[in-house]
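Note that the coordinates shown come from a computational prediction; the quantities given were computed from them, not determined experimentally.
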Amino acid sequence: MLNVILNEIRGCFRSGTTLFFSILFPSLCTFFLGTLLENIEVSDDPVGELNIAYCVEDGGYSADPFEEFILSLEKENVLTAEKVSADELENAAEKYSAAVKLSGSEITIYNGSNAVQNRTVKALIDGYDQTAAAYMTVALSDPRALAGIELSEDSFVQPHDFGRNRTMMDYYAVAMTVVIIFFGSCIAGVTSYSSEYADSTILRLNAAPISKTVVYFGKIVGYLPLVLVQVGTVMIVSTLFFGAHFCATFAENLLLFVMFVCSSLAALAVGVMFNLVFPKMQPWAVLMPILWVMLFYSGAFQKDMLIKGVSGYFPPRIILDAAFDLTSFSRTERAVSVIVWSLVIFAALIIIGCIKVNSRRKNA
C-alpha cells in the first residue's frame, strides 16, 4: 500500500492543474476579490440616520404595545418616528426611510429607497412581531405566568461589536477556502480512476499482485496530504500576506481548520464515488459546471448572489454559514455539526466505494 500512497502523493503534487485549482487559484482570488471589492461591496454597511413614519389604523388590543415599542426606539435614539394618517403613507417613502402600518394584528412595512435601512426596519419590526407572538402564546396558554415577570436593565439587548472591523478580505479568506474544498478535493477525487484510464494504466493496476481494496485505500490516503496542504496554505497565506482574520482564538481557528479538512474529505469521497460510477466520463465537462453554479449561488464569489429558498441547501452555503458563525460570533454548533456530517458522509461513501471496487470483474 505504501507504494500506492506515495505514487498518489507524487501524482497530486506533480499535476499543475491540481496545484493551480487547489492552492494558487484560491489564494489569488482571496487577494483580488478582497482588495478590489472592498470599496464596492463593503463588509459592513452603515445604516445612517433612520427616520420612519408609522400609522395605527384602529385602536385594538395590539395598538398600544406597538406604539409604545416605536416610541421606545425613538427614546433610545435608535430612530426618529412620526405618527401619520393612512392617507399620508402613500408618499411616505419620499420623506422617510420607511413607513410601518398596524392594522389589527397585521403589520405592513413600506420600504424606502435605501436597501440597508429597509433591512434594518424589517429586522426591528420582526423582533417586535416575534416577541408579541410569544407573549400572546403565553397569555393564551397560561396567563398567570406573566404576572411574575419583572424586567431589569440587564434583560435588555446591549450593543456589542466584534472587537475589530470586518473587511471583505476576511469574507473572501473564508469563501475561497470553501472554494478549494470543492475545486481541489472534489476534482482530485473525481480524477482518481479516470487518470488511470486516460494514461492506460488501469489494466496494469488491476493486474498488480495486490488487492483492489489496498489500491483503493492507498489512493484515498494518498490524497490526504493534498487536503491538509490546500486548506492550510490558503488560511496561512490569507492571514500572513493579505491581513485577513479568521477566528479570535487559537482553539476556534483549530476548530475551523478541522471543519474545512473534514469537509474536504467529504468532497473527496463524493468525487471518488462519482468517478467509480462514471469511470470514463470527463469530470471537467460534467462536474465543473455543477460546482461553479453551486459556489456562485452560495455567495462564495459575491455575498448577495443567492437563490431564495434554494441556496441554503447547497453544501458550500452550509459550510460558509458554519464558518461565519464561528469566525464572527464564536458559535461552534454549526461547525461541529458540519464536522460530524462530513465524517459520516466520508465514511459511508468510502465503504460504498470499496464495495463498488471489489464488485468489478477483473479485467484481463
Side-chain angles (χ1 to χ4, degrees), residues 29 33 37 40-45 47 93 97-101 103 105-134 136-137 166 168 170-183 185-186 256 259-260 262-264 266-267 269-271 273-274 286-329 331-342 344-345 348-349:
C29 282
L33 292 175
L37 297 183
I40 301 173
E41 184 185 13
V42 294
S43 52
D44 297 314
D45 294 315
V47 176
S97 303
V100 184
K101 180 177 72 172
S103 179
S105 59
E106 181 179 320
I107 300 176
T108 304
I109 301 176
Y110 297 86
N111 288 328
S113 57
N114 188 307
V116 176
Q117 292 184 343
N118 292 338
R119 291 197 295 268
T120 304
V121 173
K122 184 179 185 304
L124 292 171
I125 299 303
D126 282 347
Y128 166 80
D129 189 45
Q130 292 174 16
T131 303
M136 291 305 301
T137 300
R166 285 284 173 180
M168 291 309 300
D170 298 340
Y171 180 90
Y172 282 111
V174 173
M176 291 304 110
T177 310
V178 173
V179 168
I180 67 168
I181 290 174
F182 294 91
F183 278 167
S185 299
C186 195
L256 183 68
M259 184 191 76
F260 284 146
C262 291
S263 301
S264 296
V270 170
M273 177 56 63
F274 188 91
V286 178
L287 199 59
M288 284 295 284
I290 298 175
L291 294 178
W292 272 110
V293 169
M294 278 203 311
L295 288 165
F296 191 76
Y297 286 106
S298 293
F301 298 100
Q302 208 278 342
K303 62 186 178 70
D304 292 326
M305 190 61 67
L306 304 171
I307 302 176
K308 189 175 181 180
V310 177
S311 294
Y313 296 99
F314 288 161
R317 185 70 240 175
I318 294 173
I319 299 172
L320 276 173
D321 287 341
F324 290 134
D325 248 21
L326 186 58
T327 57
S328 297
F329 305 107
R331 294 196 291 249
T332 61
E333 291 83 3
R334 284 186 175 182
V336 172
S337 177
V338 169
I339 291 173
V340 172
W341 279 107
S342 295
V344 169
I345 293 171
L349 291 183

Check: Ile318 and Trp341 side chains under 4.5 Å, non-hydrogen atoms:
no

Arg317 and Ser298 have their tightest heavy-atom pair at NH1-O, 2.6 Å

Asp129 meets the salt bridge (charged side-chain N to carboxylate O under 4.0 Å, His left out) criterion, sequence neighbours left out, with none

Heavy atoms of Ser185 and Ala267 approach each other most closely as CB-CB, 4.2 Å

Are Trp292 and Phe183 close enough that their ring centers fall under 6.0 Å?
-> yes

Smallest heavy-atom separation, Leu326 atom then Ala335 atom, equals CD2-CB, 4.2 Å

Between Ser263 and Val338 the two heavy atoms that sit nearest each other are OG-CG1, 3.4 Å

Please lay out, stage by stage, how Phe260 and Val174 fare under the test side-chain contact (heavy atoms from CB on, under 4.5 Å). CA-CA 10 Å; Phe260 284 146; Val174 173; 4.3 Å; yes

- Query: Side chains of Ser103 and Thr108: does their closest heavy-atom pair fall under 4.5 Å?
  - Reply: no

- Query: Do Met259 and Ile319 have side-chain heavy atoms sitting under 4.5 Å apart?
  - Reply: yes

Leu349 and Met273 have their tightest heavy-atom pair at O-CE, 3.4 Å

NZ of Lys122 to CG of Asn111, rounded to nearest 0.5 Å, is 9.5 Å

Between Val121 and Val100 the two heavy atoms that sit nearest each other are CG1-CG2, 4.1 Å

Atom pairs and distances, side-chain donor-acceptor, residues 305-315, under 3.5 Å, sequence neighbours left out:
unit_1 : atom_1 : unit_2 : atom_2 : d
Ser311 : OG     : Tyr297 : O      : 2.5
Ser311 : OG     : Ile307 : N      : 2.6
Ser311 : OG     : Ile307 : O      : 3.4

